[in-house]
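Structure record follows, encoded as C-alpha cells.
Letters A, B, ... mirror the listed sequences (proteins, then strands); counts begin at 1.
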Number of protein chains: 2
Amino acid sequence: MKADKISELTTNRLSIYLRCLNELAHEGRKTVSSDRLAKRFHLNSAQIRKDLACFGEFGVRGVGYYIEDLREQITRILGLDHHHRVAIIGAGRLGAALTDYYGFRQTNFEVAALFDADPDKIGSLISDVRVFDVKDFAKIVKKEGIDVAVIAVPAEYAQKVLEEIVDAGIKAVMNFAPTPLLADDDIKLKTIDLTISLESLSYFLARPGKNGRE
Amino acid sequence: MKADKISELTTNRLSIYLRCLNELAHEGRKTVSSDRLAKRFHLNSAQIRKDLACFGEFGVRGVGYYIEDLREQITRILGLDHHHRVAIIGAGRLGAALTDYYGFRQTNFEVAALFDADPDKIGSLISDVRVFDVKDFAKIVKKEGIDVAVIAVPAEYAQKVLEEIVDAGIKAVMNFAPTPLLADDDIKLKTIDLTISLESLSYFLARPGKNGRE
DNA sequence: TCGCGGTGTTTCACACTTGAAACAATATGA
DNA sequence: TCATATTGTTTCAAGTGTGAAACACCGCGA
Ligand SMILES: NC(=O)c1ccc[n+]([C@@H]2O[C@H](COP(=O)([O-])OP(=O)(O)OC[C@H]3O[C@@H](n4cnc5c(N)ncnc54)[C@H](O)[C@@H]3O)[C@@H](O)[C@H]2O)c1
Ligand SMILES: NC(=O)c1ccc[n+]([C@@H]2O[C@H](COP(=O)([O-])OP(=O)(O)OC[C@H]3O[C@@H](n4cnc5c(N)ncnc54)[C@H](O)[C@@H]3O)[C@@H](O)[C@H]2O)c1
C-alpha cells in the first residue's frame with residue numbers, strides 16, 4: 001500500500017499493537033497472525049493488516065508476523081528508537097508527577113529540565129531534575145539539546161508559554177492546560193484536556209442511558 | 001431540533017463554549033452572537049448554533065445569546081450543577097497530583113477518598129484526603145456516597161481494579177493506566193492514555209512534515 | 001505436488017462529522 | 001412600519017473512518 005497520508009488514528013493503533021506484541025513476546029511466543037492478535041486483544045484483524053500495510057510488508061503469508069521483527073519495525077516507525085530530551089514548564093504538582101513518570105523513559109523520552117516563574121522553586125531539584133528560571137528557557141533549551149516541551153502551567157499563561165517554546169525552536173509540544181492553544185501548522189501540539197473529559201463524565205451521570213463510548 | 005442522539009464531540013464542544021462564556025462574563029459582557037463567539041475563539045458559528053439547538057432554543061433571534069442565561073443552561077446540560085464524590089485508586093504521584101487538582105472542584109467534583117494497597121500509605125493523608133485500604137473499597141464507597149472513580153494504579157492492575165469499581169456499583173470511571181480496559185456498556189469509561197499521546201509526538205518527530213493536528 | 005492458512009490489496013457500503021448555504025422566523029432599533 | 005441582525009432548521013457535498021468481503025499470492029507441511 002505505502003500510503004503517504006497516514007491518519008493519526010492509525011499511528012495510535014500502532015501504539016496499541018506494540019503493547020500487545022510486547023505482552024506476547026514476554027510470554028515467549030515467536031509468531032502471531034492478525035486473527036489471533038485481534039481475538040486476543042479485542043481488535044479487528046482487517047484493520048491490523050491495513051494499518052501495518054501502510055508502512056511496508058512485514059508479515060509472512062501463511063505464517064503471520066514474527067513478533068520480534070514486527071516489534072522492531074513498529075518501534076522504528078513510531079520513532080521510539082530515537083532519544084528525545086523533554087522540558088517541562090510549570091514545576092507544580094502535575095509537573096512533578098510527570099517528571100518522575102515512567103512512561104517517559106519507556107518511550108525513550110528523558111526529562112532534562114523543569115522551568116518555573118516562582119523564585120522559591122527555581123534552583124531546586126525535583127526527582128533529580130533541576131528547576132530553571134523560565135526567563136532562561138531559550139538558552140537552556142539550546143544548551144541541553146531539548147526538542148520536546150510539556151506545558152504544565154495554569155491555563156491563563158499557557159498561550160504565552162507556548163509562544164516562548166516555539167520561539168526557542170521546539171516543534172513538539174504536549175499541553176495539559178485546559179485551554180485550546182494556537183500554533184503554526186509545523187508545530188505538533190497535543191492538548192490533553194482533563195476538564196473536557198471530566199465534564200463528559202458529568203454529562204453522562206446527569207443523563208445515564210446514552211453512553212457515547214470512546 | 002431536539003435530537004436525542006447527541007455525539008460526544010458535541011458535548012465536548014459544549015465544554016469549550018462554557019469556558020468562552022465564562023471569559024466573556026468575566027469581561028462584563030451581557031450578550032453574544034454565535035458569530036462573535038466563533039470569531040473570537042476560532043470556532044464555527046454554524047456549529048455553535050447547531051450544537052446548542054440540540055438541547056433547546058436558548059438564543060434570541062436578532063440579538064444572540066444572553067451570556068448568563070446560556071452559561072446556566074450549559075452548566076445544567078453538562079450536569080455541572082450536581083455534586084459528585086470521587087474516589088482515586090492508587091495513591092502514587094499521579095493520584096496525589098489529581099487529589100489537589102483544581103479542575104475537580106471547578107467541575108463540582110470532590111475527591112472524597114484515596115485507595116492504595118501499600119500498607120505504608122494506608123491511613124495517611126494527602127491534601128487532607130484519607131488513604132484507605134483498597135480492600136475496604138466497596139464499604140467506603142457506600143459509606144461516603146462515592147459515584148465516580150479514577151484509576152491511577154500501574155497498568156497491570158488496572159483491569160482488576162476496574163472490576164472492583166464496577167462491583168461496587170460505580171458507573172463513571174476515568175482511567176489513567178496506559179491500557180485499554182473492558183467494561184459493560186452501561187459503564188462510562190474514559191481512558192486518558194499518555195503513552196499513546198507521547199508516541200504520537202515521537203512519530204511526528206521521526207517524520208516531520210505531516211502534522212495530523214488534533 | 002497440493003491444499004491450507006494467512007497476508008496484501010481492493011472494493012464497497014455505512015456511518016459520522018464538518019462546513020457551507022439557504023431560508024423562514026423573529027427581536028430590535030431607526 | 002421597515003430594515004437589519006441573528007437564530008433555528010434543513011439540505012447538501014465532501015472527507016474520513018470502519019467493517020466486511022473477495023481474491024490473488026505465497027509459504028509451509030502433508
Ligand atoms: N494537578 C493535576 O493533577 C492536573 C491534571 C491535569 C491538568 N492540570 C493542569 O496543569 C496545569 C498545572 O497544574 P498544577 O496542578 O500542577 O498547578 P500548580 O499550581 O501546582 O503548578 C503550576 C506551576 O506553574 C508555575 N507557573 C505559573 N506561571 C508560570 C509561567 N508563566 N512560567 C513558568 N511557570 C509558571 C507556578 O509557579 C507553579 O509552580 C494547570 O493548567 C492545570 O489545569 C493539572
Ligand atoms: N506519574 C504520572 O505523571 C502519570 C501520568 C499519566 C499516567 N500515569 C499512569 O498512572 C498510573 C500511576 O502512575 P504513578 O506515577 O502515580 O505510579 P506510582 O507508582 O507513583 O503509584 C501507583 C500507586 O498504586 C498503588 N497500587 C498498586 N497496585 C494497587 C492495587 N491493586 N490497588 C490499589 N493501589 C495499588 C501503589 O501502591 C502506588 O502507590 C500508572 O498506570 C501510570 O502509567 C502516570
Extract from the structure each pairing of a protein N or O with an N or O of nucleotides 26-30 of chain D at less than 3.5 Å, listing the distance.
from: D:dG27; atom 1: O4'; to: A:Arg61; atom 2: O; distance (Å): 3.3

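For B:Lys50, whose side chain is taken as the heavy atoms from C-beta onward, the closest listed nucleotide among C:dT11, C:dG8, D:dT10 is D:dT10. Listed nucleotides C:dT9, D:dT9, C:dT17 differ in distance to A:Glu57; the shortest reach to its side chain belongs to C:dT9. Listed nucleotides C:dT18, C:dT9, D:dT9 differ in distance to B:Arg49; the shortest reach to its side chain belongs to D:dT9.
Ring planes of A:Phe132 and A:Phe115: tilted class, angle from 30 to 60°. Ring-plane geometry between B:Phe109 and B:Phe104 is classed as tilted, the angle between the planes lying from 30 to 60 degrees on a 0 to 90 degree scale.
Distance OH (A:Tyr65) to C1' (C:dG6): 9 Å, rounded to an integer number of Å. Between the CZ atom of A:Phe55 and the P atom of C:dT9 there is a distance of 14 Å, given to the nearest Å. To the nearest angstrom, P of C:dT28 lies 17 Å from NZ of B:Lys30. Atom CD in A:Glu8 sits about 14 Å away from atom C1' in D:dG17, given to the nearest Å. As a whole-Å value, the separation of A:Asn12 CG from D:dT16 P is 17 Å. Spacing between atom CG of A:Leu9 and atom C1' of D:dG17 amounts to 7 Å, rounded to whole angstrom units. Atoms CD (A:Gln47) and C1' (C:dT7) sit 16 Å apart, rounded to a whole Å. Regarding B:Leu52, its CG atom lies at a distance of 14 Å from the C1' atom of D:dT9, rounded to whole Å.
Ion pairing of B:Lys171 with B:Asp186 is present here, as a side-chain N (NZ or NE/NH1/NH2) and a carboxylate O approach within less than 4.0 Å. Under the 4.0 Å criterion applied to side-chain N and carboxylate O atoms, A:Glu68 and A:Lys30 are not assigned as salt-bridge partners. Using a cutoff of 4.0 Å between basic side-chain nitrogens and carboxylate oxygens, A:Lys160 and A:Glu164 are scored as salt-bridged.
Expressed to the nearest 0.5 Å, how far NE2 of A:His42 lies from CG of B:Leu182 amounts to 5.0 Å.
Judged by distance alone, with hydrogens and angles left aside, the side-chain atoms of B:Ser200 form no donor-acceptor pair with the main-chain N or O of B:Ile196 at under 3.5 Å.
Contacts between residues 32-44 of chain A and DNA chain C, counted as heavy-atom distances below 4.0 Å, involve A:Ser33, A:Ser34.
Here A:Ser7 does not reach the OP1 or OP2 of D:dT16: none of its side-chain N or O atoms lies under 4.0 Å away.
A donor and an acceptor atom, one from each side chain of A:Thr75 and A:Asp81, are nowhere located under 3.5 Å apart. If you check the side chains of A:His84 and A:Glu110, you find no donor sitting under 3.5 Å from an acceptor.
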